[in-house]
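Note that the structure is a prediction, hence the values are computed from the model and not measured. Residue numbers start at 1 and run along the sequence shown.
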Amino acid sequence: MPTAREQQIDAAAAAYLENADYAEVNSPAKAAAFATACRKLLFLLPKRTAQGGGTELELDPESLRGELAAALNYAASGTGQYLHPSFEGYRD
């Protein structure tokens, strides 16, 4: 029987996969759900894990943080488009 933590990881991974297509379907709501799943996975998953048979898995948290930032940017636009800030006239 899976532990509560394993169930949470499974649920976050399912939400991650279910909402990964937020840009393709033009859905800021799915982008927000994807960002939530990224946050949960960053918290729940260990950086590195190994099993007795010599199998080792390593998570790159920076990659997941990049996906989180992109999803938040997409969701914040409210239009289903990525925001690209302009720094023209920044020093004026």
**Student:** Could you pull out the closest heavy-atom pair between A12 and A37, with the gap in Å?
**Tutor:** O-CB, 3.6 Å

**Student:** State the CG-CG distance between L45 and L64, to the nearest 0.5 angstrom.
**Tutor:** 8.0 Å

**Student:** Examine distances only and state if a side-chain atom of S27 and a backbone atom of A23 form a donor-acceptor pair shorter than 3.5 Å.
**Tutor:** no

**Student:** Tell me whether N19 contacts the main-chain N or O of A15 through its side chain, where contact means a donor paired with an acceptor under 3.5 Å.
**Tutor:** yes

**Student:** Checking side-chain contact (heavy atoms from CB on, under 4.5 Å) for the pair Y74/N26: CA distance, chi angles, key distance, verdict?
**Tutor:** CA-CA 9 Å; Y74 193 92; N26 194 25; 3.1 Å; yes

**Student:** Could I get the full list of side chain to side chain contact (heavy atoms under 4.5 Å, CB included) partners for A35, not counting sequence neighbours?
**Tutor:** L68, A71, L72

**Student:** First locate atom CG of L44, then atom CD of E6, and finally report the distance between them rounded to the nearest 0.5 Å.
**Tutor:** 11.5 Å

**Student:** Under a single-linkage definition using a 4.5 Å side-chain heavy-atom cutoff for Ile, Leu, Val, Met, Phe, Trp and Tyr, are V25 and F34 assigned to the same hydrophobic cluster?
**Tutor:** no

**Student:** Pairs in or reaching into residues 8-34: which pass salt bridge (Lys or Arg N to Asp or Glu O under 4.0 Å), with residues at least two apart or in two chains?
**Tutor:** D21-K30

**Student:** Between NZ of K40 and CG of L42, what distance do you get to the nearest 0.5 Å?
**Tutor:** 13.0 Å

